[in-house]
There are 2 protein chains.
Amino acid sequence: MITLHATAADLDRLARHLKVLAEPNRLRIVDLLMQGVQCNCELGDALNMAPNLISHHLRILREMGLVEVERDAVDARWIYYSINRSLLAQLAQTFGAFFDPTRIQDRHPACGPQGSLVYADRTLEAVC
Amino acid sequence: MITLHATAADLDRLARHLKVLAEPNRLRIVDLLMQGVQCNCELGDALNMAPNLISHHLRILREMGLVEVERDAVDARWIYYSINRSLLAQLAQTFGAFFDPTRIQDRHPACGPQGSLVYADRTLEAVC
DNA sequence: GTGATAGTTCAACGCTCGTTGAACTATCAC
DNA sequence: GTGATAGTTCAACGAGCGTTGAACTATCAC
């Protein structure tokens, strides 16, 4: 997953996942599903949102892989949604690794007077 | 911070932070700052972005509290940016707690045939 | 087959926000 | 004071996307 030096593809993937989760109503849906499996109408009632809007958001979460679907065995009209535990764990790990404070390096600026002082042997390399 | 049952204010705060970080160029800026203190032009060169756009994104990161500013002691035109380590740690903890897989509960749906079966004593409570 | 129910899809609107270009501010060297 | 430099702010444009309302699909009971 994310190493000390994240690749561009890793960053883009993380940004895409963060964007999905950054929408307040989707985050609320995820929070509710963390509390247990629920159907569209239950989510809608809890969040005061219309069924089609719930469907819309759930679709985005499903496309991301974070939410899974199961139809009722007795009556297929009922659809239950749940969190994909393994992807959630992966996401938590990715985020934790990327935003790990111990990853902050001591490197000083290569530009400006302070930059020139600290990296005297890199002055020629400093473009700005 | 985030407890097992996140409050609405907690969710909104988390969503706001996620939204800041979800923008790909801002995430790239954060990644670069994780590798060490840098100035506007260094970030701009690395990401092929104009100074004003870098300023714009840095402002948003500063307003969130994640990025800190220091002017060069010799020449105040030079401004160095760095990551606020304590806020980063807080963010990582918040995210990790919210998206902790062990937080997923076993609750079954209160709606539909499966819901009625599992929670026979809650049937009257099921609205949908 | 008809009507009800649970949920999905479609399309349009309006809001948000990233980007671009211009202008501005502060600092420095001469 | 002038010109250069590092960075910031402002305003406008257009892309993206959440929401709304309507229509649709699938399933069920009778």
Side-chain angles (χ1 to χ4, degrees), chain A residues 12 15-16 18-30 37-64 67-81 109-116 126-128, chain B residues 12 15-16 18-30 37-64 67-81 109-116 126-128:
Chain A
D12 283 348
R16 286 198 307 273
L18 291 177
K19 173 167 284 190
V20 167
L21 297 167
E23 206 283 312
N25 280 324
R26 279 204 286 276
L27 196 59
R28 289 187 193 103
I29 288 173
V30 169
V37 177
Q38 296 177 59
C39 64
N40 178 307
C41 61
E42 217 172 352
L43 294 167
D45 288 348
L47 301 173
N48 195 30
M49 285 162 61
N52 62 311
L53 188 49
I54 294 286
S55 281
H56 169 76
H57 286 311
L58 282 173
R59 179 179 185 166
I60 293 167
L61 290 164
R62 278 168 30 227
E63 285 172 350
M64 173 184 162
V67 167
E68 295 177 320
V69 174
E70 181 184 10
R71 286 181 180 265
D72 191 279
V74 177
D75 182 344
R77 285 174 305 182
W78 298 92
I79 307 177
Y80 307 118
Y81 299 93
C111 301
Q114 191 172 330
S116 304
V127 182
C128 44
Chain B
D12 283 345
R16 286 199 305 272
L18 291 178
K19 173 168 283 190
V20 167
L21 297 166
E23 204 284 314
N25 281 324
R26 278 205 288 276
L27 195 60
R28 289 188 193 105
I29 287 172
V30 169
V37 176
Q38 297 178 57
C39 63
N40 180 307
C41 59
E42 217 171 352
L43 294 169
D45 289 346
L47 301 173
N48 195 31
M49 284 164 59
N52 63 310
L53 187 50
I54 294 286
S55 281
H56 170 75
H57 285 311
L58 283 173
R59 178 177 185 167
I60 292 169
L61 290 166
R62 278 169 29 228
E63 285 172 349
M64 172 186 161
V67 167
E68 296 177 320
V69 175
E70 180 184 11
R71 286 182 179 266
D72 190 280
V74 178
D75 183 344
R77 285 173 305 181
W78 299 91
I79 306 176
Y80 307 117
Y81 299 92
C111 301
Q114 190 172 329
S116 304
V127 181
C128 44

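In what follows, every chain begins at residue 1, and chains take the letters A, B, ... in the order their sequences are listed.
- In this structure, Leu58(B) places its CG atom 13 Å from P of dT19(C), rounding to the nearest Å.
- In this structure, Arg71(B) atom CZ and dA26(C) atom C1' are separated by 7 Å, rounded to whole Å.
- Atom pair Ile79(A):CD1 and dA26(D):C1' shows a separation of 9 Å (rounding to whole Å applied).
- Side chain of Asp75(B) to main chain of Pro113(A): no donor-acceptor pair is present (N/O by atom type, distance under 3.5 Å, no hydrogens or angles).
- Within the nucleic acid shown, Arg26(B) comes within 4.0 Å of sugar-phosphate atoms alone, with no base atom in reach, counting heavy atoms only.
- Applying the 4.0 Å criterion to OP1 and OP2 of dA6(D), one finds that Tyr80(B) has every side-chain N and O outside that range.
- Taking for each of His56(B) and Lys19(A) the nucleotide of DNA chain D with the nearest heavy atom, the 5'-most of the two is the partner of His56(B).
- Results of the side-chain contact (heavy atoms from CB on, under 4.5 Å) test with Ile60(A) over Lys19(A), Arg26(A), Glu23(A) single out Arg26(A) as the only residue that passes.
- Side-chain nitrogen and oxygen atoms of Asn25(A) include at least one within less than 4.0 Å of the OP1 or OP2 phosphate oxygen of dT19(D).
- Sequence order on DNA chain D of the closest nucleotides to Ala76(A) and Ala50(A) puts Ala50(A) first from the 5' end.
- Atom CG of Asn48(B) and atom C1' of dT19(C) are 13 Å apart (whole Å).
- Note on His57(B): a side-chain N or O is less than 4.0 Å away from OP1 or OP2 of dT19(C).
- Among the atoms of the strands shown, only primed sugar atoms or phosphate atoms (P, OP1, OP2) are found under 4.0 Å from some heavy atom of Asp75(A).
- Atom-to-atom, CZ of Arg16(B) to C1' of dT16(C) comes out at 16 Å; the value is rounded to the nearest Å.
- Put simply, CZ on Arg62(A) is 12 Å from P on dG7(C), counting in whole angstrom units.
- A donor-acceptor contact under 3.5 Å is formed by the side chain of Asn52(B) with the base of dG21(C).
- In the set dG7(D), dT9(C), dT27(C), the nucleotide with an atom closest to the side chain of Ser55(A) is dT9(C).
- Between His57(B) and Ile29(B), the shortest heavy-atom distance links the atoms CB-CD1, 3.7 Å.
- Between Leu47(B) and Leu53(B), every side-chain heavy-atom pair lies at or beyond the 4.5 Å cut-off.
- The side chain of Asn40(A) sits closest to dG7(C) out of dG7(C), dT19(D), dA4(C).
- Atom C1' of nucleotide dT8(D) and atom CH2 of Trp78(B) are separated by 16 Å, given to the nearest angstrom.
- Residue Arg59(A) has its side chain nearest to dC10(C) when only dT27(C), dC10(C), dG18(C) are considered.
- Between its two ends, the helix from dG1(C)-dC30(D) to dC30(C)-dG1(D) turns its axis by 20°, counting five pairs per end and rounding to 10 degrees.
- Residues Asp12(A) and Arg28(B) form a side-chain contact, since some pair of their non-hydrogen atoms from C-beta on lies under 4.5 Å apart.
- A heavy-atom distance below 4.5 Å is found between the side chains of Val69(A) and Tyr81(A).
- Pairs passing the salt bridge (charged side-chain N to carboxylate O under 4.0 Å, His left out) check and including a residue from residues 47-58 of chain A, sequence neighbours excluded, do not occur.
- Taking 4.5 Å as the limit, some side-chain heavy atom of Met64(B) sits within range of a side-chain heavy atom of Leu21(B).
- One atom, CD of Glu23(B), and another, P of dA15(D), lie 17 Å apart when rounded to the nearest Å.
- Looking at heavy-atom distances under 4.0 Å, Ile60(B) makes contact with sugar-phosphate atoms alone, never a base.
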